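Beneath this line is the structure, given in structure tokens, with notes to follow.
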Amino acid sequence: MNLEKLLADRLAQAFSAVAGGPVDPVVRRSQHADYQSDAALSLARRLGRPPRDIATEILGQAELADLCSAVEVSGPGFINLTVADPALGALLSPMAVDARLGVAVSAAPQTVVVDYSAPNVAKEMHVGHLRSTVIGDAAVRLLEWLGHRVIKANHLGDWGTPFGMLIEHLLDLGESEAAHELSVGDLDSFYKAARVKFDADDAFKERARRRVVALQGGDELTLRLWRLLVAESEKYFLTVYDQLGVLLTEQDFYGESYYNDMLAPVTDELDRLGLLRDSGDAACVFPEGFTGRDGQPLPIIVRKRDGGYGYGATDLAAIRHRTRNLGATRLLYVVGLPQRQHFEMVYAVARQAGWLSPPAVAEHIGFGSILGSDGKMLRSRAGGSIKLVGLLDEAVTRAAELARQKNPDLPEAAIADVARAVGIGAIKYADLSTDRIKDYVFDWQRMLSLDGNTAPYLQYAHARIRSIFRRAGLGQITAASISIAHPAEHALALELVNFGTVVTGVEQTLEFHRLAGYLHTLAATFSGFYEHCPVLRAEGEVRASRLALCDLTARILHRGLYLLGIATPERM
RNA sequence: GCGCCCGUAGCUCAGCGGAUAGAGCAGGGGACUUCUAAUCCCAAGGCCGCAGGUUCGAAUCCUGCCGGGCGCACCA
């Protein structure tokens, strides 16, 4: 049971009695006390009474004695609440022995499809894929932990016109040579070589065109070569996912080709519904409210003039499949902000077609760009895109140097693990700790800093706690009687009881920076506690209680970072 | 032209209608015979892009500007 709701419920009763109707007591954390309620101010006009009077009456009626050690009316009519230490102890003690840390699984579990990562076959993964993969992974982890049925959908770019040239290039190289090149992860040069030939050589271009036709026509040889390309690329992507430490597996590849068989039925259905219109040579749907450069209605191109299907058709087929066949009620698209309009249009059409109707909803989980220190899109010195694996390798290398430098006692054998956790964690945390809608500046120094809102700072707080338990020769706490006395314990306790509220908030908004911010505040508050409250040198019940506080803090840090996809080393 | 997103401390970012706008970094001053100082504490730093409006109350909501980024028909 979370404290904020407990306080709100008690106040709500008093408010509704005083106001003669339901009132949201607007309870929130306060600088002037532990919590404050602001509802008396907004009620003043409605009741025609001074807000302080209302607040005073509320305090007279509300049953808060068991929860609060002090309540007062303050300023123009704020109600300030100081939470009683015994109440904190009573909330925390069961939490400390609960495997779920007091966070219940959802009472209304949904089937959620998370569409994310989506690299292109035979192309290198670059920084552009980082945010989608990291944010999508966090969404999957958090929603799964809350008991939802989560379907990971890696919408691989595995179909379309580029495959004509890629397959022809594969043939030129010879299958075994091509497979070798792809398997060592040299996708960039493979793709670029194909591209160069395509642009420079008309004969090659013509072969590529014919190959596309063969591919779409289901030619066996062509399909076999296409599968080879896809399989080698998938193998490579999986190594990147492994290095990144995300949950995506070979079972989560639902590339564009997966929907091929559904495109004709989807098109027919759109036609039957009267939504499909001929526009020149293409078959289009025009959702209302979208206009283009020329002021004319903007289409989703379902079937192109060459008879092939547009990507809009694939996106529509995917929605129909996900709601109709998979029974999904929440469709998440973790895709960059530039594609916002496209997805809004797709959703609009899907709603018109009846494939996306309540309770099912689709949400575009958009995100900004990663910028370099110059404030422009992050690029390599040569101006090209930066290989994701290169970035990850550098993170681990930098973290290893840091670990050696900062903790000379750390055995060399442990450094690799720590470097991986810290390096990869730093990159992910930098991504998840700021509002995802905004661009952010990629900065090694900052993300690997041991101070501030960074992964290493949180990991350090966790490692410190684990160190206490190592030193004490203790494992996990199995029984806890937490009693709060010291102000630093009080401050820590207030953060600890808040975990569930934060997690269920992020369940709705998928604003992971709020979870990150919470974890940072928790770690910082723990540091204060650590400075002021000896644990192992305390005695008896105080020692046991503080150990339980430490254990609970460590487990929330561990769980919270896990939900963000970040590892927590035992020592660092 | 239409649409979307962003403008908060020197820098990087929080702040989801409420009290004196908060962190971290950088710069200044302190704290290691003590559970990891990879830490902590103190001081300093702000016409919240600008102008109106709504409200008892606006960084937050609305409108209009200014500045930056992005999208707008057969690539995804």
Side-chain angles (χ1 to χ4, degrees), chain A residues 26 28 30-32 36 38 41-42 44-45 51 74-78 80 118 120 155 157 159-162 256 279-284 289-296 298-306 308-312 314-315 335-342 344 366 368-369 371 373 375-377 402-403 405-407 409-410 422 430 433-435 437-441 443 445-446 449-454 456-457 459-461 463-472 505 509 511 513-514 516-517 520-521 524 527-528 530-538 546 550 571-572:
Chain A
V26 201
R28 47 194 52 177
S30 174
Q31 296 172 19
H32 307 274
Q36 67 183 49
D38 303 342
L41 289 118
S42 54
R45 169 180 282 258
S74 169
F78 299 105
N80 287 351
N120 292 313
H155 200 79
W159 200 254
T161 47
E256 297 171 300
S279 170
D281 307 304
C284 301
F290 296 91
T291 52
R293 217 188 299 273
D294 50 9
Q296 295 302 303
L298 210 53
I300 295 272
I301 293 162
V302 177
R303 198 173 45 228
K304 301 182 287 187
R305 81 175 130 222
D306 66 7
Y309 291 96
Y311 54 84
T314 308
D315 288 329
V335 180
L337 241 22
Q339 290 188 53
R340 180 74 175 254
Q341 181 177 256
H342 167 69
E344 292 302 331
S369 308
L371 308 179
S373 52
K376 294 181 178 161
M377 295 262 284
L402 210 59
Q405 173 198 329
K406 296 284 187 178
N407 188 355
D409 296 340
L410 206 57
V422 171
S433 60
T434 65
D435 189 353
I437 211 88
K438 297 185 184 176
D439 298 344
Y440 76 92
V441 177
D443 181 335
Q445 267 212 305
R446 190 163 357 101
S449 165
L450 297 315
D451 298 290
N453 192 10
T454 67
Y457 178 83
Q459 290 167 321
Y460 176 67
R464 256 174 155 186
I465 298 173
R466 297 306 307 151
S467 172
I468 291 174
F469 282 82
R470 255 197 317 280
R471 190 169 282 261
T509 64
E511 291 172 343
H513 72 287
R514 296 189 189 278
H520 175 246
T521 304
S527 291
Y530 184 89
E531 292 284 319
H532 293 107
C533 300
V535 178
L536 295 179
R537 277 176 284 115
R546 286 182 178 170
C550 286
R571 51 192 303 184
M572 58 187 279

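Order of the sequence lines sets the chain letters (A, B, ...), proteins ahead of strands, with each chain counted from 1. This structure is a prediction, so every number in the text was calculated from the model and none was measured.
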Original post:
Between A/P299 and A/Y311, which is nearer to the 5' end of RNA chain B once each is assigned its nearest nucleotide?
Top reply: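 This one resolves to A/P299.
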Subject >> Toward the 5' end of RNA chain B, by each residue's nearest nucleotide, A/N80 or A/S369 >> reply: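 Mapping each residue to its closest nucleotide by heavy atoms, the 5'-most match is A/N80.
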Is [X] reaching over with its side chain to a backbone N or O of [Y], donor-acceptor style, under 3.5 angstrom?
X      : Y      : result
A/T521 : A/G517 : yes
A/D443 : A/R446 : yes
A/S449 : A/D451 : yes
A/D439 : A/S369 : yes

So which nucleotide does [N] pair with, by the Watson-Crick or G-U wobble rule with both distances under 3.5 Å?
N     : result
B/G45 : none
B/G3  : B/C70
B/C50 : B/G64
B/U33 : none
B/C13 : B/G22

If you check every side-chain atom of [X], which of [options] has the closest atom?
X      : options             : result
A/Q36  : B/U34, B/C74, B/A19 : B/A19
A/H513 : B/G15, B/G18, B/C6  : B/G15
A/I437 : B/U20, B/C35, B/C6  : B/C6
A/N407 : B/C2, B/U36, B/C74  : B/U36
A/R471 : B/A19, B/A73, B/U36 : B/U36
A/R340 : B/G71, B/C35, B/C4  : B/C4
A/Q341 : B/A14, B/G71, B/C5  : B/G71
A/V441 : B/U36, B/U12, B/C25 : B/U12
A/Y530 : B/C35, B/A73, B/C70 : B/C35
A/Y460 : B/C74, B/A38, B/C35 : B/A38

[X] side chain near [N] phosphate (N/O to OP1/OP2, under 4.0 Å):
X      : N     : answer
A/R293 : B/G71 : no
A/R514 : B/G15 : yes
A/K376 : B/G68 : no
A/R464 : B/U39 : no
A/Y457 : B/C40 : yes
A/K438 : B/G69 : no
A/H532 : B/C41 : no

[X] has an atom [atom1]; how far is it from atom [atom2] of [N], in whole Å?
X      : N     : atom1 : atom2 : value
A/R305 : B/A73 : CZ    : C1'   : 9 Å
A/R28  : B/A19 : CZ    : P     : 10 Å
A/L371 : B/G7  : CG    : P     : 13 Å
A/D435 : B/C13 : CG    : C1'   : 10 Å
A/D38  : B/G18 : CG    : P     : 7 Å
A/D451 : B/G27 : CG    : P     : 12 Å
A/L450 : B/C25 : CG    : P     : 11 Å
A/Y440 : B/C5  : OH    : C1'   : 17 Å

Which part of the nucleic acid does [X] contact within heavy-atom distance under 4.0 Å: base, sugar-phosphate only, or nothing?
X      : value
A/G292 : base
A/A463 : base
A/T434 : sugar-phosphate
A/L536 : base
A/D443 : nothing
A/M572 : base
A/P456 : nothing
A/T314 : nothing
A/A282 : base
A/H155 : nothing
A/Q339 : base
A/S74  : base
A/Q31  : sugar-phosphate

Subject >> Result of checking A/I301, A/V302, A/L298 against A/C284 for side-chain contact (heavy atoms from CB on, under 4.5 Å) >> reply: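 Filter result, single survivor: A/I301.
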Original post:
Is any side-chain N or O of A/T521 under 3.5 Å from a base N or O of B/A23, one able to act as donor and the other as acceptor?
Top reply: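 By the distance-only test, no, there is no pair.
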**OP:** Kindly indicate whether the side chain of A/Q405 and the base of B/A38 share any N or O donor-acceptor pair separated by less than 3.5 Å?
**Re:**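 No, the side chain and the base share no sub-3.5 Å donor-acceptor pair.
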**OP:** Return the stacking result for B/G18 and A/F78: yes when the ring centres lie under 5.5 Å apart and the planes under 30°, no otherwise.
**Re:**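 Taking the rule of under 5.5 Å and under 30°, the ring of A/F78 does not stack on B/G18.
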**OP:** Calculate, to the nearest 0.5 Å, the distance between atoms CZ and CG belonging to A/R571 and A/D409 respectively.
**Re:**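 The CZ atom of A/R571 sits 8.0 Å away from the CG atom of A/D409.
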Subject >> From A/N80 atom CG to A/S74 atom OG, the distance as rounded to the nearest 0.5 Å >> reply: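 So the gap between those two atoms works out to 4.5 Å.
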Original post:
C1' atom, B/A31 versus B/A43: distance in rounded Å?
Top reply: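 Comparing C1' positions in B/A31 and B/A43 gives a spacing of 15 Å.
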Subject >> Pairwise C1' distance for B/G46 and B/U8, with rounding to whole Å >> reply: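 It comes out at 8 Å once rounded to the nearest Å.
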**OP:** Show the numbers, then the answer: is there a side-chain contact (heavy atoms from CB on, under 4.5 Å) between A/Y530 and A/I468?
**Re:** CA-CA 11 Å; A/Y530 184 89; A/I468 291 174; 3.9 Å; yes
Subject >> Glycosidic class, syn or anti, of B/C32 using a 90° window around 0 >> reply: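 Base orientation: syn.
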**OP:** Please indicate whether A/Q405 has more than 12 foreign heavy atoms, meaning atoms of other residues, nucleotides or ligands, lying under 6.0 Å from its CD.
**Re:**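 Enclosed: over 12 neighbouring heavy atoms sit under 6.0 Å from CD of A/Q405.
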